[in-house]
Undergrad: 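Here it is, the structure in full.
As the structure lists them, so they are numbered: ligands from 1, and atoms in each ligand from 1.
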Amino acid sequence: MEIDLQVMERNGYAKDGNQESKAKPLLVMKFGGTSVGGSKPIKRVASLVEKYTREGNSLVVVVSAIRGVTNSLVEMGNFIKQNRRLDLELSLEDIFYRHLEVASNLNLPHPLRASLDDKIEELFFGLHSLALNLKETPPKSLDRILSYGERLNVPIVQAALSARGVFAEALDASKIIETDTNFGFASPNMERTEQHVKNIVEPMIEMGMIPVVTGFIGSTMYGDITTLGRGGSDYTASILGRVLGADEVWIWTDVDGVYSDDPRKNPNAQLLTELSQIKAHQMAMAGARVLYPKTVEPLIGTQTVLRVKNTFDPESPGTKIYIKQG
Ligand code: ADP
Ligand code: ASP
Ligand code: MG
(Lines give C-alpha, C1' and ligand atoms only; values in the text may rest on other atoms or scores of the structure.)
(Ligands and ions follow the chains in the order given, each with its own letter.)
Protein backbone atom coordinates (compact mmCIF):
# COMPACT_ATOMS: atom_id res chain seq x y z
CA MET A 1 0.00 0.00 0.00
CA GLU A 2 1.34 3.41 -0.92
CA ILE A 3 1.41 5.72 2.09
CA ASP A 4 1.05 9.47 1.65
CA LEU A 5 3.64 10.72 4.13
CA GLN A 6 2.61 14.35 3.74
CA VAL A 7 -0.98 13.54 4.62
CA MET A 8 0.14 11.42 7.57
CA GLU A 9 2.38 14.18 8.87
CA ARG A 10 -0.39 16.72 8.47
CA ASN A 11 -2.64 14.43 10.49
CA GLY A 12 -0.07 14.32 13.22
CA TYR A 13 1.91 11.16 12.68
CA ALA A 14 5.54 11.49 13.67
CA LYS A 15 8.02 11.09 10.81
CA ASP A 16 9.22 7.84 12.40
CA GLY A 17 5.71 6.46 11.87
CA ASN A 18 4.98 6.18 15.57
CA GLN A 19 1.21 5.81 15.69
CA GLU A 20 1.10 6.66 19.38
CA SER A 21 1.76 10.27 18.46
CA LYS A 22 -1.18 10.57 16.06
CA ALA A 23 -3.03 13.80 16.62
CA LYS A 24 -6.80 13.99 16.80
CA PRO A 25 -8.78 12.38 13.98
CA LEU A 26 -9.93 14.98 11.47
CA LEU A 27 -13.60 14.81 10.52
CA VAL A 28 -15.33 17.02 7.95
CA MET A 29 -19.04 17.16 8.80
CA LYS A 30 -21.61 18.55 6.38
CA PHE A 31 -25.13 19.40 7.53
CA GLY A 32 -27.81 19.64 4.83
CA GLY A 33 -30.76 22.01 4.52
CA THR A 34 -33.16 20.06 6.74
CA SER A 35 -30.46 19.52 9.38
CA VAL A 36 -30.10 23.30 9.65
CA GLY A 37 -33.70 24.08 8.73
CA GLY A 38 -34.62 26.07 11.85
CA SER A 39 -33.51 26.90 15.39
CA LYS A 40 -34.35 23.45 16.81
CA PRO A 41 -32.35 21.44 14.27
CA ILE A 42 -29.51 23.97 14.49
CA LYS A 43 -29.35 23.44 18.26
CA ARG A 44 -29.23 19.70 17.58
CA VAL A 45 -26.38 20.23 15.10
CA ALA A 46 -24.49 22.31 17.67
CA SER A 47 -24.84 19.57 20.26
CA LEU A 48 -23.58 16.95 17.79
CA VAL A 49 -20.57 19.09 16.89
CA GLU A 50 -19.86 19.64 20.58
CA LYS A 51 -20.13 15.90 21.27
CA TYR A 52 -17.71 14.84 18.55
CA THR A 53 -15.29 17.60 19.49
CA ARG A 54 -15.35 16.59 23.15
CA GLU A 55 -14.73 12.99 22.10
CA GLY A 56 -11.34 14.13 20.82
CA ASN A 57 -11.82 14.87 17.13
CA SER A 58 -10.85 17.93 15.11
CA LEU A 59 -13.83 19.07 13.09
CA VAL A 60 -14.47 21.13 9.99
CA VAL A 61 -18.18 21.89 9.60
CA VAL A 62 -19.82 22.55 6.23
CA VAL A 63 -23.26 24.10 6.26
CA SER A 64 -26.02 24.36 3.64
CA ALA A 65 -28.58 27.13 3.37
CA ILE A 66 -31.69 26.81 5.53
CA ARG A 67 -34.10 24.45 3.78
CA GLY A 68 -36.01 26.24 1.00
CA VAL A 69 -33.86 29.37 0.99
CA THR A 70 -31.88 28.50 -2.16
CA ASN A 71 -35.18 27.85 -3.97
CA SER A 72 -36.44 31.26 -2.83
CA LEU A 73 -33.24 32.85 -4.15
CA VAL A 74 -33.71 31.12 -7.51
CA GLU A 75 -37.27 32.45 -7.58
CA MET A 76 -35.94 35.91 -6.81
CA GLY A 77 -33.76 35.63 -9.92
CA ASN A 78 -36.94 35.01 -11.92
CA PHE A 79 -38.66 38.03 -10.35
CA ILE A 80 -35.69 40.17 -11.39
CA LYS A 81 -35.85 38.95 -15.00
CA GLN A 82 -39.60 39.50 -15.13
CA ASN A 83 -39.28 42.92 -13.46
CA ARG A 84 -41.70 41.86 -10.68
CA ARG A 85 -40.47 44.42 -8.17
CA LEU A 86 -43.16 43.88 -5.56
CA ASP A 87 -42.67 40.10 -5.52
CA LEU A 88 -38.94 40.67 -5.30
CA GLU A 89 -39.29 43.02 -2.31
CA LEU A 90 -41.63 40.57 -0.55
CA SER A 91 -39.27 37.70 -1.16
CA LEU A 92 -36.32 39.70 0.18
CA GLU A 93 -38.27 40.63 3.28
CA ASP A 94 -39.27 37.02 3.81
CA ILE A 95 -35.63 35.85 3.65
CA PHE A 96 -34.52 38.58 6.05
CA TYR A 97 -37.14 37.81 8.69
CA ARG A 98 -36.72 34.06 8.29
CA HIS A 99 -33.07 34.29 9.29
CA LEU A 100 -33.73 36.79 12.07
CA GLU A 101 -36.43 34.50 13.46
CA VAL A 102 -34.13 31.48 13.50
CA ALA A 103 -31.47 33.61 15.21
CA SER A 104 -33.99 34.84 17.75
CA ASN A 105 -35.25 31.33 18.57
CA LEU A 106 -31.74 30.18 19.39
CA ASN A 107 -32.10 32.16 22.64
CA LEU A 108 -28.51 33.34 22.49
CA PRO A 109 -26.96 35.42 25.26
CA HIS A 110 -27.14 39.14 24.48
CA PRO A 111 -23.70 39.93 22.99
CA LEU A 112 -23.84 36.89 20.69
CA ARG A 113 -27.37 37.72 19.59
CA ALA A 114 -26.55 41.36 18.89
CA SER A 115 -23.50 40.56 16.81
CA LEU A 116 -25.38 37.81 14.93
CA ASP A 117 -28.21 40.22 14.08
CA ASP A 118 -25.61 42.70 12.83
CA LYS A 119 -24.04 40.07 10.59
CA ILE A 120 -27.41 38.98 9.20
CA GLU A 121 -28.29 42.61 8.52
CA GLU A 122 -25.00 43.34 6.81
CA LEU A 123 -25.26 40.29 4.56
CA PHE A 124 -28.90 40.98 3.87
CA PHE A 125 -28.17 44.56 2.78
CA GLY A 126 -25.61 43.15 0.34
CA LEU A 127 -28.25 40.83 -1.11
CA HIS A 128 -30.88 43.57 -1.12
CA SER A 129 -28.82 46.10 -3.04
CA LEU A 130 -27.55 43.43 -5.46
CA ALA A 131 -31.06 42.15 -6.20
CA LEU A 132 -32.61 45.60 -6.60
CA ASN A 133 -29.87 46.83 -8.92
CA LEU A 134 -30.02 43.92 -11.33
CA LYS A 135 -32.18 43.96 -14.45
CA GLU A 136 -31.02 40.60 -15.78
CA THR A 137 -29.58 37.54 -14.09
CA PRO A 138 -26.73 36.13 -16.14
CA PRO A 139 -25.24 33.01 -14.47
CA LYS A 140 -22.52 35.08 -12.77
CA SER A 141 -25.07 37.38 -11.08
CA LEU A 142 -27.34 34.46 -10.20
CA ASP A 143 -24.46 32.70 -8.46
CA ARG A 144 -23.84 35.79 -6.34
CA ILE A 145 -27.50 35.83 -5.37
CA LEU A 146 -27.59 32.10 -4.58
CA SER A 147 -24.46 32.34 -2.43
CA TYR A 148 -26.41 34.32 0.18
CA GLY A 149 -28.29 31.20 1.37
CA GLU A 150 -25.16 29.59 2.78
CA ARG A 151 -23.51 32.90 3.68
CA LEU A 152 -26.51 33.92 5.82
CA ASN A 153 -26.70 30.57 7.57
CA VAL A 154 -23.06 30.05 8.51
CA PRO A 155 -22.96 32.86 11.13
CA ILE A 156 -26.14 31.43 12.67
CA VAL A 157 -24.62 27.98 13.11
CA GLN A 158 -21.39 29.53 14.35
CA ALA A 159 -23.30 31.52 16.98
CA ALA A 160 -25.17 28.38 18.11
CA LEU A 161 -21.79 26.70 18.60
CA SER A 162 -20.30 29.67 20.43
CA ALA A 163 -23.29 29.67 22.77
CA ARG A 164 -22.28 26.15 23.83
CA GLY A 165 -18.70 27.25 24.39
CA VAL A 166 -17.44 25.61 21.20
CA PHE A 167 -14.59 27.56 19.58
CA ALA A 168 -15.90 28.07 16.02
CA GLU A 169 -15.36 30.62 13.29
CA ALA A 170 -17.47 31.29 10.17
CA LEU A 171 -15.57 30.85 6.92
CA ASP A 172 -16.75 31.83 3.44
CA ALA A 173 -15.75 29.04 1.02
CA SER A 174 -15.21 31.64 -1.71
CA LYS A 175 -11.92 32.32 0.10
CA ILE A 176 -10.74 28.71 -0.14
CA ILE A 177 -12.46 26.82 -2.96
CA GLU A 178 -11.09 28.16 -6.22
CA THR A 179 -13.05 27.11 -9.28
CA ASP A 180 -13.26 27.59 -13.02
CA THR A 181 -15.68 30.16 -14.48
CA ASN A 182 -18.47 27.70 -15.21
CA PHE A 183 -21.04 29.68 -13.19
CA GLY A 184 -23.87 27.55 -11.83
CA PHE A 185 -21.87 24.36 -12.16
CA ALA A 186 -18.30 25.25 -11.33
CA SER A 187 -15.47 22.74 -10.89
CA PRO A 188 -12.74 23.16 -8.32
CA ASN A 189 -9.08 23.68 -9.10
CA MET A 190 -7.78 21.19 -6.54
CA GLU A 191 -4.18 22.44 -6.46
CA ARG A 192 -5.17 26.06 -5.87
CA THR A 193 -7.82 24.98 -3.36
CA GLU A 194 -5.29 22.89 -1.47
CA GLN A 195 -3.02 25.92 -1.25
CA HIS A 196 -5.81 28.15 0.13
CA VAL A 197 -6.82 25.44 2.59
CA LYS A 198 -3.22 25.13 3.79
CA ASN A 199 -3.01 28.89 4.28
CA ILE A 200 -6.41 29.47 5.87
CA VAL A 201 -8.07 26.30 7.17
CA GLU A 202 -5.15 24.31 8.55
CA PRO A 203 -3.96 27.12 10.86
CA MET A 204 -7.51 27.41 12.21
CA ILE A 205 -7.60 23.69 12.98
CA GLU A 206 -4.16 23.85 14.57
CA MET A 207 -5.45 26.58 16.88
CA GLY A 208 -8.24 24.26 17.99
CA MET A 209 -10.88 26.26 16.12
CA ILE A 210 -13.76 24.72 14.16
CA PRO A 211 -14.14 26.37 10.76
CA VAL A 212 -17.84 26.60 9.87
CA VAL A 213 -17.70 26.74 6.09
CA THR A 214 -20.37 27.72 3.56
CA GLY A 215 -21.26 24.73 1.38
CA PHE A 216 -22.13 25.03 -2.31
CA ILE A 217 -19.96 28.03 -3.22
CA GLY A 218 -16.47 28.88 -4.41
CA SER A 219 -14.90 31.67 -6.41
CA THR A 220 -12.90 32.07 -9.60
CA MET A 221 -9.29 33.23 -9.67
CA TYR A 222 -10.71 36.71 -10.32
CA GLY A 223 -12.73 36.60 -7.11
CA ASP A 224 -16.18 36.13 -8.65
CA ILE A 225 -18.45 33.87 -6.61
CA THR A 226 -19.45 30.59 -8.24
CA THR A 227 -21.75 27.75 -7.23
CA LEU A 228 -20.96 24.06 -7.62
CA GLY A 229 -24.44 22.92 -8.72
CA ARG A 230 -27.66 22.45 -6.75
CA GLY A 231 -27.09 20.17 -3.78
CA GLY A 232 -23.36 20.89 -4.05
CA SER A 233 -22.62 21.30 -0.33
CA ASP A 234 -21.86 17.56 -0.20
CA TYR A 235 -19.20 18.21 -2.83
CA THR A 236 -17.75 21.07 -0.73
CA ALA A 237 -17.30 18.59 2.12
CA SER A 238 -15.56 15.95 0.00
CA ILE A 239 -13.32 18.54 -1.71
CA LEU A 240 -12.23 19.74 1.74
CA GLY A 241 -11.88 16.16 2.97
CA ARG A 242 -9.58 15.43 0.06
CA VAL A 243 -7.30 18.46 0.34
CA LEU A 244 -7.12 18.20 4.13
CA GLY A 245 -6.40 14.45 3.98
CA ALA A 246 -9.26 14.07 6.48
CA ASP A 247 -9.85 10.76 8.20
CA GLU A 248 -13.57 10.91 7.48
CA VAL A 249 -16.23 13.01 5.74
CA TRP A 250 -19.70 12.74 7.24
CA ILE A 251 -22.78 13.83 5.29
CA TRP A 252 -25.52 14.48 7.87
CA THR A 253 -28.98 14.41 6.31
CA ASP A 254 -32.61 13.52 7.01
CA VAL A 255 -32.53 9.76 6.31
CA ASP A 256 -30.50 6.95 7.91
CA GLY A 257 -28.02 6.63 5.05
CA VAL A 258 -27.84 5.49 1.44
CA TYR A 259 -30.66 3.11 0.56
CA SER A 260 -31.09 0.84 -2.45
CA ASP A 261 -33.72 3.36 -3.63
CA ASP A 262 -35.26 6.62 -2.37
CA PRO A 263 -36.80 5.53 0.99
CA ARG A 264 -39.42 8.28 0.72
CA LYS A 265 -40.70 6.87 -2.55
CA ASN A 266 -40.06 3.16 -2.13
CA PRO A 267 -41.06 1.61 1.22
CA ASN A 268 -39.10 -1.54 0.31
CA ALA A 269 -35.81 0.33 -0.09
CA GLN A 270 -33.02 -1.27 1.97
CA LEU A 271 -30.45 0.66 4.00
CA LEU A 272 -26.95 -0.05 2.68
CA THR A 273 -24.64 -0.02 5.69
CA GLU A 274 -21.42 -0.41 3.68
CA LEU A 275 -20.60 0.59 0.14
CA SER A 276 -17.46 0.69 -1.96
CA GLN A 277 -16.41 4.12 -3.24
CA ILE A 278 -17.05 2.96 -6.80
CA LYS A 279 -20.57 1.68 -6.07
CA ALA A 280 -21.48 4.82 -4.11
CA HIS A 281 -20.08 6.98 -6.92
CA GLN A 282 -22.20 5.08 -9.45
CA MET A 283 -25.33 5.48 -7.32
CA ALA A 284 -24.73 9.21 -6.82
CA MET A 285 -24.07 9.75 -10.53
CA ALA A 286 -27.24 7.79 -11.32
CA GLY A 287 -29.25 10.32 -9.30
CA ALA A 288 -29.56 9.05 -5.71
CA ARG A 289 -30.20 12.54 -4.34
CA VAL A 290 -28.81 11.76 -0.88
CA LEU A 291 -25.34 12.34 -2.40
CA TYR A 292 -24.63 15.13 -4.86
CA PRO A 293 -23.43 13.34 -8.06
CA LYS A 294 -19.75 14.34 -7.77
CA THR A 295 -19.45 13.85 -3.98
CA VAL A 296 -17.45 10.62 -4.01
CA GLU A 297 -15.12 11.68 -6.85
CA PRO A 298 -12.47 13.58 -4.83
CA LEU A 299 -12.21 10.71 -2.36
CA ILE A 300 -11.82 7.84 -4.82
CA GLY A 301 -8.53 6.07 -4.18
CA THR A 302 -7.97 7.82 -0.84
CA GLN A 303 -8.28 6.24 2.60
CA THR A 304 -10.80 8.90 3.67
CA VAL A 305 -14.03 7.23 4.79
CA LEU A 306 -17.27 8.86 3.66
CA ARG A 307 -20.30 8.33 5.89
CA VAL A 308 -23.94 9.29 5.43
CA LYS A 309 -25.76 9.75 8.73
CA ASN A 310 -29.13 10.91 10.02
CA THR A 311 -29.03 14.16 12.02
CA PHE A 312 -32.33 13.18 13.62
CA ASP A 313 -31.14 9.69 14.61
CA PRO A 314 -27.40 10.08 15.17
CA GLU A 315 -26.98 6.72 16.90
CA SER A 316 -28.10 4.91 13.78
CA PRO A 317 -24.91 3.59 12.10
CA GLY A 318 -25.57 5.14 8.69
CA THR A 319 -23.72 4.16 5.54
CA LYS A 320 -19.96 3.72 5.47
CA ILE A 321 -18.37 4.32 2.06
CA TYR A 322 -14.74 3.35 1.69
CA ILE A 323 -12.08 1.94 -0.56
CA LYS A 324 -13.06 -1.68 -0.92
CA GLN A 325 -13.68 -4.00 -3.79
CA GLY A 326 -17.19 -4.87 -4.95
P1 ADP B 1 -29.80 17.41 2.35
O2 ADP B 1 -30.63 18.65 2.36
O3 ADP B 1 -29.47 16.88 3.69
O4 ADP B 1 -28.62 17.52 1.43
P5 ADP B 1 -31.21 15.92 0.29
O6 ADP B 1 -32.65 16.24 0.15
O7 ADP B 1 -30.28 16.48 -0.74
O8 ADP B 1 -30.75 16.28 1.76
O9 ADP B 1 -30.99 14.32 0.30
C10 ADP B 1 -31.71 13.52 1.20
C11 ADP B 1 -32.89 12.91 0.50
O12 ADP B 1 -32.43 12.08 -0.58
C13 ADP B 1 -33.69 11.97 1.35
O14 ADP B 1 -34.67 12.66 2.10
C15 ADP B 1 -34.29 10.99 0.33
O16 ADP B 1 -35.64 11.26 0.07
C17 ADP B 1 -33.51 11.25 -0.96
N18 ADP B 1 -32.95 10.05 -1.59
C19 ADP B 1 -33.00 9.79 -2.93
N20 ADP B 1 -32.40 8.63 -3.20
C21 ADP B 1 -31.93 8.13 -2.03
C22 ADP B 1 -31.23 6.93 -1.67
N23 ADP B 1 -30.85 6.03 -2.59
N24 ADP B 1 -30.91 6.74 -0.37
C25 ADP B 1 -31.27 7.66 0.57
N26 ADP B 1 -31.96 8.79 0.29
C27 ADP B 1 -32.29 9.04 -1.00
N1 ASP C 1 -28.26 25.20 -0.75
C2 ASP C 1 -27.84 24.55 -2.00
C3 ASP C 1 -29.05 23.95 -2.68
O4 ASP C 1 -30.15 23.99 -2.16
C5 ASP C 1 -26.75 23.55 -1.78
C6 ASP C 1 -27.07 22.38 -0.89
O7 ASP C 1 -28.08 22.40 -0.17
O8 ASP C 1 -26.30 21.42 -0.89
O9 ASP C 1 -28.90 23.47 -3.77
MG1 MG D 1 -28.29 17.19 -0.58
Undergrad: Which heavy atom of the protein is the closest neighbour of atom 5 (P) of ligand 1, given with residue, atom name and distance?
TA: R289 NE, 3.7 Å
Undergrad: Should R151 and D172 count as an ion pair when the cut-off is N to O under 4.0 Å?
TA: yes
Undergrad: So which of V62, T193, V28, T179 actually passes side-chain contact (heavy atoms from CB on, under 4.5 Å) with I239?
TA: T193
Undergrad: Decide whether the shortest distance between a heavy atom of G33 and an atom of ligand 2 is less than 4.0 Å.
TA: no
Undergrad: Could you tell me whether K30 sits above the aromatic face of Y235, with NZ or CZ closer than 6.0 angstrom to the six-membered ring centre and within 45 degrees of the axis?
TA: no
Undergrad: Ignoring hydrogens and angles, state whether a donor on the side chain of D143 or T227 is under 3.5 Å from an acceptor on the partner side chain.
TA: yes
Undergrad: Does R67 have a heavy atom less than 4.0 Å from any atom of ligand 1?
TA: no
Undergrad: Under 4.5 Å between side-chain heavy atoms, counting indirect links through other Ile/Leu/Val/Met/Phe/Trp/Tyr residues: same cluster for F125 and L92 or not?
TA: yes
Undergrad: From the options T253, L291, N266, select the one whose nearest heavy atom is closest to atom 8 (O) of ligand 1.
TA: T253
Undergrad: Give the residue and atom name of whichever protein heavy atom lies nearest to atom 2 (O) of ligand 1, and the separation in Å to one decimal.
TA: G33 N, 3.2 Å
Undergrad: D256 and side-chain contact (heavy atoms from CB on, under 4.5 Å): which single residue from V308, T319, D313 fits?
TA: D313
Undergrad: For atom 6 (C) of ligand 2, which protein heavy atom lies nearest, and how many Å away is it?
TA: S233 OG, 3.3 Å
Undergrad: Should E194 and R242 count as an ion pair when the cut-off is N to O under 4.0 Å?
TA: no
Undergrad: Is there a nitrogen or oxygen of D254 sitting under 3.5 Å from a nitrogen or oxygen of ligand 1?
TA: yes
Undergrad: Before signing off on this row, confirm whether D234 and ligand 2 have an N or O atom pair separated by under 3.5 Å.
TA: no
Undergrad: Using a strict cut-off of 4.0 Å, indicate which atoms of ligand 2 neighbour a heavy atom of S64.
TA: 6 (C), 7 (O), 8 (O)
Undergrad: Any idea which of T319, L271, D262 brings a heavy atom closest to atom 21 (C) of ligand 1?
TA: D262
Undergrad: In the protein, which heavy atom is nearest to atom 12 (O) of ligand 1, and how far is it?
TA: V290 N, 3.4 Å
Undergrad: Counting each atom of ligand 2 from 1 as listed, which ones have a heavy atom of G232 under 4.0 Å away?
TA: 5 (C), 8 (O)
Undergrad: Below a 4.0 angstrom heavy-atom separation, can you tell me which part of I251, side chain or backbone, both or neither, approaches ligand 1?
TA: neither
Undergrad: Charged N to carboxylate O below 4.0 Å: is that the case for E50 and R164?
TA: yes
Undergrad: Would you kindly specify which portion of K30 sits under 4.0 Å from ligand 1, judged on non-hydrogen atoms: side chain, backbone, both or neither?
TA: side chain
Undergrad: Output the list of atoms in ligand 2 that are nearer than 4.0 Å to some heavy atom of T70, sorted by atom number.
TA: 1 (N), 2 (C), 3 (C), 4 (O)
Undergrad: Where is the nearest protein heavy atom to atom 25 (C) of ligand 1: which residue, which atom, and how far?
TA: G257 O, 3.2 Å
Undergrad: Can you tell me if A269 has a non-hydrogen atom under 4.0 Å from ligand 1?
TA: no
Undergrad: Is there a salt bridge (Lys or Arg N to Asp or Glu O under 4.0 Å) between R264 and D254 once you walk through the steps?
TA: CA-CA 11 Å; R264 296 196 194 282; D254 57 4; 3.3 Å; yes
Undergrad: Side chains of S233 and S64: do they bring a donor and an acceptor to under 3.5 Å?
TA: yes
Undergrad: Only heavy atoms of R230, strictly under 4.0 Å: list the atoms of ligand 2 that pass.
TA: 3 (C), 4 (O), 9 (O)
Undergrad: What atoms of ligand 1 come within less than 4.0 Å of a heavy atom belonging to V258?
TA: 24 (N)
Undergrad: Give a yes or no on whether a salt bridge exists between R113 and D117, defined as a side-chain N under 4.0 angstrom from a carboxylate O.
TA: yes
Undergrad: Is any side-chain N of the basic residue among E248 and R307 closer than 4.0 Å to the acidic one's carboxylate O?
TA: yes
Undergrad: Based purely on interatomic distance, does E150 place a nitrogen or oxygen under 3.5 Å from a nitrogen or oxygen of ligand 2?
TA: yes
Undergrad: Run the contact test for G231 against ligand 1 with a 4.0 Å cut-off on heavy atoms, strictly below, and give the result.
TA: no
Undergrad: Could you check whether any heavy atom of G231 sits closer than 4.0 Å to an atom of ligand 2, since that is the contact criterion I want to use?
TA: yes
Undergrad: Atoms of ligand 1 less than 4.0 Å from P263 heavy atoms?
TA: 24 (N), 25 (C), 26 (N), 27 (C)
Undergrad: Do K320 and Y322 form a cation-pi contact, if we require the NZ or CZ to be under 6.0 Å from the six-membered ring centre and within 45 degrees of the ring's axis?
TA: yes
Undergrad: Just one of I145, L142, V69, L146 clears the side-chain contact (heavy atoms from CB on, under 4.5 Å) bar with V74, so which one?
TA: L146
Undergrad: Quick one: nearest non-hydrogen protein atom to atom 24 (N) of ligand 1, plus distance?
TA: Y259 N, 2.9 Å
